[in-house]
Structures are given as structure tokens and as C-alpha cells.
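Encoded as C-alpha cells, the structure appears first; notes follow it.
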Amino acid sequence: MDSPIIQTMQVIPVAGYDSMLMTLSGAHAPCFTRNLVILTDSAGHTGIGEIHGGDYTCDCLNAVRPLVEGQPVACYRQILQTIHRLASPAAGDDGAGIQTLDIAKLKFVVKSEWAIECAMLDLLGQHLGVPMCQLLGEGQQRTEVEMLGYLFYVSDKNKTPASAMQYLDESASTDPWFRLRREEILTPARVVEEAQALREKYGFANFKLKGGVLDGDTEMETCRALKQAFPEARINIDPNGAWSLDEAIRLCKNMHNVLTYVEDPCGPEAGYSSREIMREFKNATQFQVATNMIATDWRQFYHTVSLNACDIILADPHFWGFDGAIRMSQLLHSWGLSWGVHSNNHFDITLAAFAQVGAAAVGEPAPLDTHWIWQDGQNLLKDTPQIIGGKLQVPAAPGLGVTLDMDKVMAANALYNKLPSHDRDDAMAMQYLIPGWKYDHKRPCLVR
Ligand code: GKR
Ligand code: MG
């Protein structure tokens with residue numbers, strides 16, 4: 001066989017800095033974590049993948065190393081199949097997924113092996129001399145991928161004690177976006193400033209506002225202010241299911257001139273599943289609906305489609321795999337539905353992966369999510385793909401098309417090793433804003 005053999009698989013957990021971003025689940029902590037997979041093969045190539053952080057995902061990756069090392073790169077599908085066949089149900093996973101944005105369950109929706117898939121496709125692409133997107137679905141569809149400007153409300157980090165919560169201070173940066181992203185942004189006018197800074201730096205034409213933070217009327221006022229400032233932009237709001245059906249209908253029904261679509265407006269209620277409730281929202285408002293919460297695997301997707309509950313499926317490759325995300329784009333395209341990508345905080349390896357799936361997705365993808373703009377400057381690659389004019393440039397080099405900067409990886413690993421906990425906990429910083437704060441999937445985080 002001509003295929004190179006995978007010689008080593010390294011799993012390196014890493015951490016980076018974040019802003020005090022607000023969502024339904026609370027406030028982002030000063031640091032986020034990720035896991036990197038680094039494969040080397042007998043041809044002298046290095047393949048890389050990035051996935052969500054935390055000990056659970058790290059342990060899952062380390063457990064399958066013997067199934068990966070020593071195998072031919074060309075048999076990557078067989079390697080993944082073996083991993084799936086030998087997997088046993090995770091303790092604590094009740095299968096509920098993230099319908100109520102319970103952050104503790106995100107680790108079960110994310111599948112660690114997709115970081116291995118990414119690294120193996122990187123190696124295979126290098127062996128064959130083609131970019132990864134040529135190996136996916138129907139091959140490369142585009143050379144740049146439309147991204148959206150992912151807007152968040154941000155709380156004042158100075159309301160947390162520096163001894164416990166060391167958020168990054170970028171007040172001395174010469175970059176206006178880098179300065180602004182670490183400041184408090186809690187009003188419609190400040191969110192418009194945020195969008196302006198992002199438009200200037202990355203050229204985004206479209207924006208998504210993370211809702212589920214303030215009361216729904218203020219969040220709608222923010223959307224109206226954004227539309228006024230950017231009349232051509234597609235504006236979308238994502239409260240992660242925080243609103244009741246009645247409230248979602250009341251808030252959205254007169255917003256057709258402002259919002260292009262709504263992402264996960266409501267969740268389960270009164271004995272009805274979120275898929276049933278979202279269908280009723282669509283009936284009542286005629287809005288297109290996107291989701292990364294109610295269709296996170298093929299079984300959930302079946303019920304979502306059967307009910308015609310959503311129009312845009314955000315097929316995060318960390319949930320669905322690379323092959324799976326592209327299979328999803330093919331299905332959606334043939335049914336007249338739309339494909340997009342969801343994100344959590346990530347480094348630029350995931351950004352490069354988004355470039356490859358975005359390049360291979362068929363049809364006209366919805367602009368892709370990325371949190372990377374909140375991390376830009378802490379890159380782990382020597383050649384981070386750029387977002388220019390709102391479009392992520394797809395690397396032309398073989399495989400993932402990028403090169404790791406090992407010094408930066410090891411510095412990010414050192415930061416990880418200093419953290420008291422490796423799991424995401426959005427309640428911790430909230431306690432300083434609202435003493436005794438507890439997560440409630442039906443109440444925006446600052447409404448208590
Ligand atoms: O990372 O805080 C966050 C996001 O709010 C994330 O938890 C969501 O899953 O971005 C995501 C979304 O679109 O729902
Ligand atoms: Mg979402």
C-alpha cells in the first residue's frame with residue numbers, strides 16, 4: 001500500500017483568553033479551553049485538528065490513540081468506524097443534547113473523534129497534494145467563505161475580583177477592535193459600535209447578535225439599531241431558546257424589516273418539545289429559523305425535518321464530523337433548506353477547518369459563525385487564514401493548508417496547566433454580577 005502510516009498521535013490541551021461574553025448560560029470565564037490533535041506520518045507530514053476543551057474530551061482522545069497509531073492514513077474512514085464501534089455510552093449522558101443550552105451537556109454533543117478526522121484528512125490531503133475541501137462531498141465549491149460578525153453583549157470585567165478572574169486587558173492595544181472587545185458593551189449603541197469596529201477590521205456584511213442576556217425588548221431595540229446602522233446587512237438574533245413561544249411571537253412578529261431569520265428563539269415548554277414549539281413559532285411569524293440546539297445528531301435532525309421546524313441547520317463539524325457536515329449540506333441543498341456552521345470559542349485551527357468545510361458545502365451556505373474574532377491575536381498557526389471583506393480565505397496548500405506554531409501551542413498548554421478547572425463554567429463570573437445567580441434556561445442571564 002502506498003499510503004503513509006500514522007506514526008504518532010499527540011493530544012495537547014490548550015487555553016486562551018476570552019472576554020466576559022454574556023449568553024443565556026451566564027458569563028464567559030477569563031479563559032477557554034480546547035484540545036489539539038497532532039498526527040505525524042511516515043511521509044514526514046503533520047496533520048492537525050482542534051476540538052472543544054475539558055478533561056472528558058481530552059481523555060476520550062487519549063483512549064483511542066492505540067486505534068490510530070500504526071494505521072494507514074488512507075484507511076481514515078475505517079479508523080473512525082473502529083472508534084465508533086468500540087465506543088460505549090458516556091456516564092452522565094442522558095441523550096438530551098443541548099435543547100436547553102445546558103453547558104454541562106455540550107461535551108456529549110461534541111465528538112472528540114472529529115478532531116482526529118480533521119487531522120487525518122489533513123494528512124491525506126498532503127499525501128495527495130490537494131486541499132482538504134477536495135476530499136469532502138462534491139469537492140471544492142468556492143475559494144472564500146462568507147462569515148458573519150458574531151456580536152455579544154459584554155459585561156464589565158472590573159466587576160469581578162482580579163485575584164479570581166484574570167480577564168485580559170487590551171486597553172493599550174493600537175487595534176480599535178482589540179481594545180473595544182475587552183470593554184463593557186451592554187447597550188444598543190455600544191453593540192452598534194462593536195459591529196462598526198468589526199466591519200472595519202474584517203469587513204463583515206452580516207451580523208448575529210447573541211441574545212438571552214437582557215430582556216427581549218431591549219435585545220430587539222439592539223437589532224433595530226443595528227439594522228439602522230447597517231441597512232444592507234442580514235441581522236439575526238440567537239437567544240438560545242430563552243423566550244417562551246408567546247414572547248418569541250410577540251417580540252418577532254413585527255421585525256420582518258429588521259431580522260432575516262431567527263436562531264433558536266424558543267425551547268421546550270408545556271410538555272412540547274423544542275422542535276414542536278419552533279414549528280409553532282414558524283407558523284405564527286413566517287420567519288425562517290436556524291438551529292444549533294435541536295438538531296445536533298441525525299436522529300434529532302429526522303424529527304426536526306419531519307416537523308419542518310427549522311430552515312437552517314448549523315452543522316458544526318465538531319458535532320457532526322467533517323464528512324457528516326458536508327453530507328448535511330448536500331441533503332439540505334437538495335431539499336431547498338440552508339446549511340451553516342455553529343461555533344464556540346476556538347483557535348485558528350478550527351478557523352482553518354471552517355474554511356475547508358465552508359469551501360466544500362454545496363448550495364449557498366448561510367454566513368458561517370465564528371468566535372475567533374474574540375481570540376484573534378492568540379493564534380496557534382504561523383499562517384492563520386484571513387477574513388477579508390467578511391470572507392474567510394480558503395488556504396490553497398494541501399490538506400488543512402496551515403502550519404502549527406509549536407512555541408505558541410506550548411505557551412497555550414502552559415496556560416491550560418495553570419487553570420484550576422478545565423471545564424466551561426459560565427456561572428462562576430455571574431456570581432460577581434448577581435450574587436447567588438443560578439442558570440435558568442427560560443430567563444435571560446441578566447434578568448433576575
Ligand atoms: O459560546 O457562549 C457561547 C455561545 O453562546 C454558545 O454557547 C452557543 O452554543 O454560539 C452558540 C450558539 O450559536 O448557540
Ligand atoms: Mg445558536
Side-chain angles (χ1 to χ4, degrees), residues 16-34 51-54 97-110 147-155 181 185 206-214 219 235-243 248 259-267 274 278 281 287-296 300 304 309-320 338-347 350-351 354 366-375 423-430 439 441 444-446:
Y17 290 99
D18 200 7
S19 296
M20 198 171 173
L21 300 180
M22 307 303 290
T23 79
L24 180 66
S25 55
H28 284 203
C31 290
F32 69 100
T33 61
R34 302 288 280 179
I51 196 134
H52 293 63
I98 48 169
Q99 285 184 65
T100 57
L101 198 73
D102 182 346
I103 285 300
K105 294 189 174 151
L106 181 62
K107 62 174 180 270
F108 302 127
V109 170
V110 166
M147 309 299 285
L148 52 73
Y150 198 164
L151 306 170
F152 280 80
Y153 293 107
V154 185
S155 277
R181 67 185 175 175
I185 305 172
N206 304 297
F207 297 98
K208 156 173 164 176
L209 175 66
K210 175 53 60 175
V213 177
L214 305 171
E219 294 191 348
I235 311 282
N236 142 41
I237 182 164
D238 174 14
N240 284 117
W243 304 327
L259 299 172
T260 306
Y261 62 93
V262 189
E263 186 172 321
D264 288 310
C266 0
S274 41
M278 295 261 269
F281 171 82
F287 259 112
Q288 290 221 327
V289 169
T291 190
N292 61 275
M293 293 172 71
I294 68 167
T296 62
Q300 292 180 2
T304 304
C310 283
D311 308 279
I312 304 169
I313 306 291
L314 304 173
D316 187 335
H318 307 92
F319 297 3
W320 295 87
S338 300
W339 178 93
V341 159
H342 151 272
S343 86
N344 293 106
N345 287 107
H346 61 89
F347 284 105
T350 283
L351 187 71
F354 283 1
L368 272 57
D369 280 28
T370 176
H371 278 61
W372 171 80
I373 51 178
W374 298 90
Q375 270 66 59
D423 288 324
R424 180 167 160 184
D425 180 356
D426 290 9
M428 216 177 2
M430 271 320 284
Y439 177 63
H441 75 97
C445 70
L446 286 176

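Order of appearance sets the numbers: ligands from 1, and atoms from 1 within every ligand. Only heavy atoms go into these numbers, but all of them, side chains included; no hydrogens, no water, no symmetry mates.
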Tell me, please: is R424 in heavy-atom contact with ligand 1, that is, under 4.0 Å?
yes
Spatial distance of atom NE2 (H346) from atom OG1 (T370) [nearest 0.5 Å]
2.5 Å
Tell me, please, if D264 has any N/O/S atom, main chain or side chain, under 2.8 Å from the Mg ion (ligand 2)?
no
Give a yes/no on ligand 1: does M293 have at least one heavy atom closer than 4.0 angstrom to it?
no
If you scan protein heavy atoms around atom 1 (O) of ligand 1, the nearest is H371 NE2, 3.0 Å
E263, N/O/S atom nearest the Mg ion (ligand 2):
OE2
Report the distance from atom CG of N236 to atom CG of L151, rounding to the nearest 0.5 Å.
10.0 Å
Is there an N/O/S atom in N292 that lies less than 2.8 Å from the Mg ion (ligand 2)?
yes
Closest heavy-atom contact between A27 and M22?
CB-SD, 3.7 Å
Check each atom of ligand 1 against the heavy atoms of H28 and keep those under 4.0 Å away; list them by number with element.
1 (O), 2 (O), 3 (C)
State the atoms of ligand 1, each with its element, that fall below the 4.0 Å cut-off from a heavy-atom position in K210.
5 (O), 8 (C), 10 (O), 11 (C), 12 (C), 13 (O), 14 (O)
Can you tell me how far the CZ atom of F152 sits from the NE2 atom of H28, to the nearest 0.5 Å?
5.0 Å
Can you name the atoms of ligand 1, numbered from 1 with element, that are less than 4.0 Å from a heavy atom of N292?
9 (O), 12 (C), 13 (O), 14 (O)
Are L21 and K210 close enough that some pair of their side-chain heavy atoms sits under 4.5 Å apart?
no
For P444 and V213, the nearest pair of non-hydrogen atoms, with its separation, is CB-O, 3.4 Å
Taking Q375 for its side chain and Y17 for its backbone only, find out whether a donor-acceptor pair lies under 3.5 Å.
yes
Which N, O or S atom of D238 lies nearest to the Mg ion (ligand 2), by name
OD2
Under 4.0 Å from any heavy atom of N344, which atoms of ligand 1 are there?
1 (O), 6 (C), 7 (O), 9 (O)
Quick check on D238 - does any of its heavy atoms sit under 4.0 Å from an atom of ligand 1?
yes
Run through T291, T304, I98 and flag the one making a side chain to side chain contact (heavy atoms under 4.5 Å, CB included) with T296.
I98
In terms of heavy-atom contacts, L101 and Y439 come closest through O-OH, 3.2 Å
Return the minimal non-hydrogen interatomic distance between Y261 and Q288, and the atom names on each side.
CB-O, 3.3 Å
In terms of its nearest heavy atom to atom 14 (O) of ligand 1, the top option of D426, N240, D316 is N240
Y150 and H371 aromatic ring geometry - parallel, tilted or perpendicular at 30°/60° bounds
perpendicular
Answer side chain, backbone, both or neither: which part of K208 comes under 4.0 Å from ligand 1, heavy atoms only.
side chain
Can you tell me if, anywhere in D369, an N/O/S atom lies at a distance from the Mg ion (ligand 2) that is smaller than 2.8 Å?
no
For atom 10 (O) of ligand 1, grab the closest protein heavy atom and report residue, atom and distance to one decimal in Å.
Y150 OH, 2.5 Å
Counting only heavy atoms closer than 4.0 Å, does ligand 1 sit against the backbone of S25, its side chain, both, or neither?
neither
Tell me, which protein residue and heavy-atom name are nearest atom 8 (C) of ligand 1, and how many Å apart are they?
H342 NE2, 3.6 Å
In this structure, is the centre-to-centre distance between the rings of F319 and H342 below 6.0 Å?
yes
Show which atoms of ligand 1 fall inside a sub-4.0 Å distance from at least one heavy-atom site of S343.
10 (O), 11 (C)
